[in-house]
Every structure is written in C-alpha cells, then in structure tokens.
Engineer: 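First the structure, which I've put down as structure tokens, then a few questions once you've had a look.
Just so it is clear, the model here is predicted, and its values are computed rather than measured.
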Amino acid sequence: YGPIWNAREDSEIVALAEHNEDKAKALEEQYGLPCSREYNAVIERDDVDIVCIATDFYLKRWLVPKAAECGKHVLVDKSLARTMQEARAIQEETRDTRVKIQLSYPHRFYPGYRSLIQKLKSGTYARPVSYTNHFIRQFPDVDLMKYVSYPTAARVNGGGELQNLGSHPVDLIHHAFGMPNRVYAHFETAYWNDYYDPFGTEDVATLMCEYDTMVATVVVGRNRVSTETGAVDSIDLWCRGVHARASVDTLDENGEAVDIPRPAVTGAAACVQNLVDAITDDAPLESSVSDGVAATAITTAGY
C-alpha cells in the first residue's frame with residue numbers, strides 16, 4: 001500500500017516500521033526514510049494520522065487496538081486475525097473507538113465482482129444455486145521466495161493459503177450471502193510441497209459454504225507452472241435464467257458481455273480512497289472490523 005499512499009497528493013508517508021531487518025532496509029531505500037524496528041514508535045507519533053498495517057497476521061492482534069487507542073485511523077491489510085479469539089479481542093478493544101478502521105479487501109472493488117454482487121443483492125440474479133470463485137496465483141518453477149514472503153509457519157500466520165489468499169474470496173462470499181450454515185474444507189499441499197510441507201500448511205484449499213438453498217465454493221492457492229503467467233481469478237454463478245461469469249474487470253451473462261460501471265480507481269487503491277472518504281466526508285466504510293471477524297469465522301471453520 002505504500003506506493004498508493006505515496007502517489008496521492010493529499011497524503012505523505014512520514015514514518016515506517018518493520019521488525020524484519022532485510023525488509024526494513026528495503027523500505028528505507030524505497031521511501032528515503034528511516035525505518036524503525038518498533039511499531040509503537042510509529043503508531044505513537046503525533047504527526048501520524050493514518051496507520052497502514054500490512055504485517056504478519058499475529059501482530060495485528062496488538063497493533064490494530066494500539067493504533068485506535070492512539071487515535072489513528074487504520075487501514076488493515078487482510079487477514080484481521082489468525083483465530084476467533086484474536087478477532088473477537090480486536091473487535092472488543094476497538095468497539096467504542098471514533099477512528100475509522102478499514103479492512104482492506106481489494107476484490108470488493110474490482111468492477112466485475114462488484115457488479116455481480118450488486119446484482120445478487122438487488123435480486124436481479126434470482127434464486128442462485130451455485131457460486132464458485134477460483135483464485136489461483138501461478139508462479140514459475142523457481143525459488144518461490146523470490147516472489148512471496150510465504151509460506152510462514154502455521155503457529156505464526158495461523159494457516160496456509162486459505163488464511164492468506166483465501167481471505168479475498170471468503171470475504172466476497174460473506175459479503176454476498178452472509179454467514180453460511182455449514183462449512184466444509186479440503187486441503188492439499190499439491191504443487192509447492194518443498195516449501196509448504198515444513199510449515200504444515202496447504203498450498204491449495206477448497207472451501208464449501210452451505211446455505212439454505214445453495215452452496216458457495218472457493219478454490220484458492222498457488223500453482224507451479226513452467227513460465228510466469230497471470231492469476232486465475234473468476235467467479236461462476238448459476239441462478240434463475242442466467243449463468244453469470246465475472247472476472248476482476250468483466251461480467252458475462254449467458255456468454256454475452258455486460259456493460260458495467262468503470263470507477264476511476266479499483267482494487268487496493270479504491271480501498272485507500274474509501275478510507276479517505278470515510279475520514280474526510282464521513283462516508284460509510286466498505287468493510288470494517290466486523291467483516292474481518294466474519295471472514296475469520298468462516299476460515300477458522302474450514303480449518
């Protein structure tokens with residue numbers, strides 16, 4: 001999120017914190033600022049208005065309430081927490097705060113997904129019976145750590161790719177349909193076992209959320225491919241008279257492209273804009289701590 005804040009004319013990055021030495025040095029080089037190894041040193045500064053928390057998951061239990069206590073507005077990168085105990089503690093300790101706390105779920109702001117969910121909520125897509133979101137990141141068959149900081153031990157991050165990448169499609173399911181009646185999950189270390197097996201976490205997960213009249217499914221993870229290629233990221237929805245297929249940028253109905261709104265900013269930049277609008281204009285937050293708690297509940301049920 002740093003480059004997004006840095007590119008805005010109405011914001012300025014004034015402080016950095018990162019406890020990992022290598023990452024801290026990289027941040028210092030990128031932004032030309034000293035990077036503290038202590039997060040509180042940034043959160044407690046008087047000249048900080050907004051704290052952007054994109055740390056490992058285990059740190060958020062303490063950093064989110066601390067930032068709210070210090071009167072800072074907060075942008076929290078997914079996931080909110082590793083466990084329901086941590087998620088509920090964050091919710092309780094920030095319940096009465098007057099600051100804005102945005103849970104950043106960029107998938108909510110992609111035009112294709114946003115249009116599909118709006119049609120679901122409005123009843124335009126009636127009687128849905130099946131919803132499947134494939135979200136598979138594909139990486140070349142080289143050192144995975146050149147591309148990602150994962151995998152991380154389950155005791156640190158709470159889980160594998162359902163906890164990490166899965167946060168996005170799990171949030172979309174809850175956003176579209178609410179809390180499921182039952183959850184079933186299947187996990188595999190299928191393609192990157194040399195990286196994931198030592199940490200006991202999955203590289204691919206399938207999650208099924210059962211509702212009264214339908215099932216919503218997530219297939220999420222990382223594939224190993226011969227050459228670098230883009231992510232597979234799409235939703236298939238079956239409802240009365242319509243098969244809708246959405247990508248991040250498009251929406252088709254029964255094979256025909258649908259004209260959808262094209263906002264000025266999408267994805268992570270739209271999350272940042274939503275928080276700024278909430279602070280300056282008291283606009284409603286697209287997603288808050290309660291949404292993070294819900295996503296944690298579904299993910300935890302899967303595990």
Engineer: What is the ring orientation for W238 with H243, classed by angle as parallel under 30°, tilted 30 to 60°, or perpendicular over 60°?
Structural biologist: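 Aromatic pair W238/H243 classed parallel.
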Engineer: If only side-chain N and O atoms count, and only distance matters, is there a donor-acceptor pair under 3.5 Å linking N181 with E210?
Structural biologist: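 No, no side-chain donor-acceptor contact under 3.5 Å.
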Engineer: Could you check whether T97 and T94, counting side-chain N and O atoms only, form a donor-acceptor pair closer than 3.5 Å?
Structural biologist: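 On atom types as modelled, these side chains do not qualify, holding no pair under 3.5 Å.
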Engineer: Do the charged groups of E93 and K66 touch, with an N to O distance under 4.0 Å?
Structural biologist: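 Salt bridge: no.
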Engineer: Considering only heavy atoms from C-beta outward, does the side chain of M179 approach that of H174 to under 4.5 Å?
Structural biologist: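 In short, these two side chains touch, coming nearer than 4.5 Å.
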Engineer: Can we call the ring centroids of H107 and F135 under 6.0 Å apart?
Structural biologist: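 Yes; F135 has its ring centre under 6.0 Å from that of H107.
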Engineer: Please indicate whether E38 has more than 12 foreign heavy atoms, meaning atoms of other residues, nucleotides or ligands, lying under 6.0 Å from its CD.
Structural biologist: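 No, CD of E38 has 12 or fewer neighbouring heavy atoms, counting only those of other groups under 6.0 Å.
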Engineer: The test is side-chain contact (heavy atoms from CB on, under 4.5 Å); show your working for Y191 and V225 and say whether it passes.
Structural biologist: CA-CA 9 Å; Y191 308 121; V225 293; over 6 Å; no
Engineer: If you measure from the Lys or Arg side-chain nitrogens to the Asp or Glu carboxylate oxygens, is any gap between K25 and E18 under 4.0 Å?
Structural biologist: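 Salt bridge: no.
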Engineer: Please examine the side chains of K78 and D171, heavy atoms only from C-beta on, and report whether any two atoms are closer than 4.5 Å.
Structural biologist: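 A side-chain contact under 4.5 Å is absent here.
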Engineer: Taking side chain as C-beta onward, heavy atoms only, is T206 less than 4.5 Å from T217?
Structural biologist: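 T206 reaches T217 side chain to side chain.
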Engineer: Are the side chain of Q163 and the backbone of A81 linked by a donor-acceptor contact shorter than 3.5 Å?
Structural biologist: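 Answer holds: yes.
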Engineer: So do I90 and I101 actually touch side chain to side chain, heavy atoms under 4.5 Å?
Structural biologist: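 The answer is no, as the side chains (C-beta and beyond) never meet within the 4.5 Å cut-off.
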Engineer: Surrounding CZ of R155 (heavy atoms of other residues, nucleotides or ligands, distance under 6.0 Å), is the total greater than 12?
Structural biologist: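 No, because the 6.0 Å sphere around CZ of R155 holds 12 heavy atoms or fewer from other groups.
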Engineer: Less than 6.0 angstrom separating the ring centers of Y303 and F187, yes or no?
Structural biologist: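 Ring centres of F187 and Y303 closer than 6.0 Å.
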Engineer: So M84 and V293, side-chain contact (heavy atoms from CB on, under 4.5 Å) or not? Walk me through it.
Structural biologist: CA-CA 7 Å; M84 284 305 294; V293 173; 4.0 Å; yes
Engineer: What's the separation between atom OG1 in T201 and atom CG in N157, rounded to the nearest 0.5 Å?
Structural biologist: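 The OG1 atom of T201 sits 9.0 Å away from the CG atom of N157.
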